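Just so you know, these numbers come straight off a predicted model, no measurement behind them. To find a chain, count down the sequence lines: A is the first, B the second, and so on, and within it residues start at 1.
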Amino acid sequence: MTERALAGRLAGLTGTEARLQGWVHRIRRIGGVAFVLLRDRSGVVQTVFDPNGPAAAGLAALNVEDAVEIKGVVRAEERAQGGYEIAGKQLTVIARAEVLPFEVNLPVLKVGQDLALDNHPLSLRHLRNQAIFRLKAAIIAAFRDFSGAHGMVEVQTPKIVATATEGGANLFPVDYLGRRAYLAQSPQFYKQLLVLAGFERVFEVGPVYRAEPHNTSRHLNEFTSMDWEIGFISTASDLMDLEEELLHTIVARLRGNEARHLETLGVDPAANLPAQGIPRVPLSEARRLLADRYGKELPPGDLDPEGERLLCEATGGAAFVTDWPLATRPAYAAPREDRPELTDSFDLLMGGIEVTTGGRRIHDYPKLRASLEGRGLNPASFGFYLDGFRYGAPPHGGLAIGAERLTMAMLGLGNMRDATLFPRDLERLAP
RNA sequence: GGAGGCGUGGUGUAGAUGGCCUAACAUACGUGCCUGUCACGCACGAGAUCGCGGGUUCGACUCCCGUCGCCUCCGCCA
């Protein structure tokens, strides 16, 4: 049996007989010719049949999205998109497709979110969806490669945990063989401990869970967190420098290997990356800028979503917001040396949404203990975490990038569900 | 948790000052025609008691109340 050829890789096969397998993307019957567009993981290729030839019966019964095998001779053909087509000799249906609940071969999928999710194996076949998730995979792969190249070790931290890392009640309780446990809302404590454990630099790509009943286009109850934790840094600026380099590395990778998918979506992944570098704006300055330029008066505390959008607009797509007051950050956030009322931490806003939170951590054992106590937290309940700092904890810091949020920002998506294969939200637990 | 909006053939939409709705358009589906299409084209056909329940009215897809489902925004964060 001849090896399976792929629709998007026919260049070297001109003149030979090829065997392709895939799905029927579209059928066009024009009197004396029939075109069957075959789609596989590499792309779409046109095959041509004589509707009165040997394949007549199969052709007549063919449905869009049938899984098929097609044999035929590869030829260069200017009239075909992509420059190649298959002169079809044999058409075999591997598995029939029933009449579709919606069309999957339109330039843009026209279907409600709910129906699309209920039929996700079908809606994901759409070329735009294929492009999104292949690009997301490439973003994550680039994160991995970049992290490894910068001396970080990939680690796996537990997703079933005994305590909260951020405080708050946003934890999913689970029954752990009769004991109360929770789904991890962040790898925070564990990644810090692994830095202290001698790995110095670690990274993780993994799921995190937030039991918050939020109902927006950029919140889900399960998402993918891309984390760094790095020892022996001096300030959070080191982290921002590194993240900015990472973002450019990701863009280069998408423009290289994944250019075809960017083209499908018609997007520029660097559209929200300011050419002159991502500005670093202290929170107080961001507030002043919003007031001066947009007349937007914010209540004390965090920026609101509109403020985040406007700030990105003002800075050419993205901004690091720095110098968050102690009260706005968790107990482990390290204060600035020169201005102890502010933390040495940052958020990265990109395309109007918060994509990253990061910062330097408190590494001094007595100070960490005092910070927890200062928040009214009981140090005893942080046992293993706090104890880790007793034996020579180096200065360190890290960040967490929401993989779906970054994908949204780079691909210009309006809803985080579009960047999540099987989204978990307030309503949806299946598929 | 709060606010707003939407629900019309399989899908996506139009119709909304109540009567012209015997509910329209596109596409998908079925039948036929067409030698090179590019979301091919043309003709014909089938397909919706307008989410559900109640009310107002001579008359409701349209107005009112309730209910169910969904979407968006806000709070919070990645």
Practice prompt. Could you label the plane-to-plane angle of the F346(A) and F320(A) rings as parallel, tilted or perpendicular, counting under 30° as parallel and over 60° as perpendicular?
Written response: perpendicular

Discussion item. Check the orientation of F203(A) and F143(A). Use parallel for under 30°, tilted for 30 to 60°, and perpendicular for over 60°.
Written reply: perpendicular

Expressed as a whole number of angstroms, how long is the span from [X]:[atom1] to [N]:[atom2]?
X       : N       : atom1 : atom2 : answer
N105(A) : rU11(B) : CG    : C1'   : 12 Å
H219(A) : rC74(B) : NE2   : C1'   : 11 Å
L115(A) : rG9(B)  : CG    : P     : 12 Å
Q185(A) : rC76(B) : CD    : P     : 16 Å
N63(A)  : rC29(B) : CG    : C1'   : 10 Å
D302(A) : rG75(B) : CG    : C1'   : 11 Å
Q188(A) : rC77(B) : CD    : P     : 14 Å
L303(A) : rC76(B) : CG    : P     : 11 Å

Worksheet item: Which residues within residues 248-255 of chain A lie with some heavy atom under 4.0 Å of an atom in RNA chain B?
Response: none

Practice prompt. Choose from rC77(B), rU37(B), rA39(B) the nucleotide whose nearest atom is closest to any side-chain atom of P107(A).
Written response: rA39(B)

Discussion item. Taking D344(A)'s backbone N and O only, do any of them form a donor-acceptor pair with R329(A)'s side chain (distance below 3.5 Å, no angle check)?
Written reply: no

If you look at every strand shown and take non-hydrogen atoms under 4.0 Å, does [X] touch a base, only sugar-phosphate, or nothing?
X       : value
E308(A) : base
R29(A)  : base
I353(A) : nothing
E65(A)  : nothing
M416(A) : base
T357(A) : sugar-phosphate

Discussion item. Should F102(A) be counted as stacked on rG12(B), where stacking needs a ring-centre gap under 5.5 Å and an angle between planes under 30 degrees?
Written reply: no

Answer yes when [X] and [Y] have at least one side-chain N-carboxylate O distance shorter than 4.0 Å, and no when they do not.
X       : Y       : answer
D145(A) : R253(A) : yes
E85(A)  : R75(A)  : yes
K89(A)  : E17(A)  : yes
R361(A) : E229(A) : yes

Between [M] and [N] - [atom1] atom distance, rounded Å:
N       : M       : atom1 : answer
rC25(B) : rG15(B) : C1'   : 11 Å
rU17(B) : rC33(B) : C1'   : 47 Å
rA23(B) : rU62(B) : C1'   : 12 Å
rG41(B) : rG36(B) : P     : 14 Å
rG9(B)  : rC21(B) : C1'   : 15 Å
rC44(B) : rA24(B) : P     : 15 Å
rU11(B) : rC52(B) : P     : 14 Å
rU35(B) : rG30(B) : C1'   : 25 Å

Discussion item. Let me spell it out: for each of I27(A) and P101(A), pick the nucleotide of RNA chain B with the closest heavy atom. Which residue's pick is nearer the 5' end?
Written reply: P101(A)

Fill in: First encountered from the 5' end of RNA chain B, between V33(A) and L37(A)
V33(A)

Fill in: Quiz item: E78(A) side-chain donor-acceptor pair to rG36(B) base, under 3.5 Å
no

Worksheet item: Quick one: the side chain of H214(A) and the base of rC77(B), do they pair up donor-acceptor inside 3.5 Å?
Response: no

Discussion item. Could you report the tightest heavy-atom contact between A80(A) and Q46(A), atom names first, then the distance?
Written reply: CB-NE2, 3.8 Å

Discussion item. Among N221(A), N170(A), D425(A), exactly one meets side-chain contact (heavy atoms from CB on, under 4.5 Å) together with H214(A). Which residue is that?
Written reply: N221(A)

Worksheet item: So, do V64(A) and L100(A) sit near enough that their side-chain heavy atoms are less than 4.5 Å apart?
Response: yes

Side-chain atoms of residues 153-161 of chain A: list all donor-acceptor pairs with protein atoms under 3.5 Å, sequence neighbours left out, distances to 0.1 Å.
{"from": "E154(A)", "atom 1": "OE1", "to": "R144(A)", "atom 2": "NE", "distance (Å)": "3.1"}
{"from": "E154(A)", "atom 1": "OE2", "to": "R144(A)", "atom 2": "NE", "distance (Å)": "3.0"}
{"from": "E154(A)", "atom 1": "OE2", "to": "R144(A)", "atom 2": "NH2", "distance (Å)": "3.0"}
{"from": "T157(A)", "atom 1": "OG1", "to": "K159(A)", "atom 2": "NZ", "distance (Å)": "3.1"}
{"from": "T157(A)", "atom 1": "OG1", "to": "E204(A)", "atom 2": "OE1", "distance (Å)": "2.8"}
{"from": "T157(A)", "atom 1": "OG1", "to": "E204(A)", "atom 2": "OE2", "distance (Å)": "3.3"}
{"from": "K159(A)", "atom 1": "NZ", "to": "T157(A)", "atom 2": "O", "distance (Å)": "3.3"}
{"from": "K159(A)", "atom 1": "NZ", "to": "E204(A)", "atom 2": "OE2", "distance (Å)": "2.9"}

Discussion item. Using a 3.5 Å limit on both distances, find every run of at least three consecutive Watson-Crick or G-U pairs that involves RNA chain B.
Written reply: B:1-7 with B:68-74, B:10-13 with B:24-27, B:29-33 with B:41-45, B:51-55 with B:63-67

Item to complete: Mind jotting down which residue pairs meet the side chain to side chain donor-acceptor pair (under 3.5 Å) criterion with at least one end in residues 119-128 of chain A? Sequence neighbours excluded, please.
Response: E65(A)-R125(A)

Worksheet, complete the sentence: To the nearest 0.5 Å, atom CZ of R288(A) lies from atom CD of E285(A) at 6.0 Å

Output a table of nitrogen or oxygen pairs between the protein and nucleotides 70-73 of chain B separated by less than 3.5 Å.
{"from": "rC71(B)", "atom 1": "OP1", "to": "Q113(A)", "atom 2": "OE1", "distance (Å)": "2.9"}
{"from": "rU72(B)", "atom 1": "OP1", "to": "N415(A)", "atom 2": "ND2", "distance (Å)": "2.5"}
{"from": "rC73(B)", "atom 1": "OP1", "to": "S217(A)", "atom 2": "OG", "distance (Å)": "3.2"}
{"from": "rC73(B)", "atom 1": "OP2", "to": "S217(A)", "atom 2": "N", "distance (Å)": "3.3"}
{"from": "rC73(B)", "atom 1": "OP2", "to": "S217(A)", "atom 2": "OG", "distance (Å)": "3.1"}
{"from": "rC73(B)", "atom 1": "N4", "to": "N215(A)", "atom 2": "O", "distance (Å)": "3.1"}

Fill in: Pairwise ring-ring contact (aromatic ring centres under 6.0 Å, His included) hits with a residue in residues 72-94 of chain A, at least two apart
none

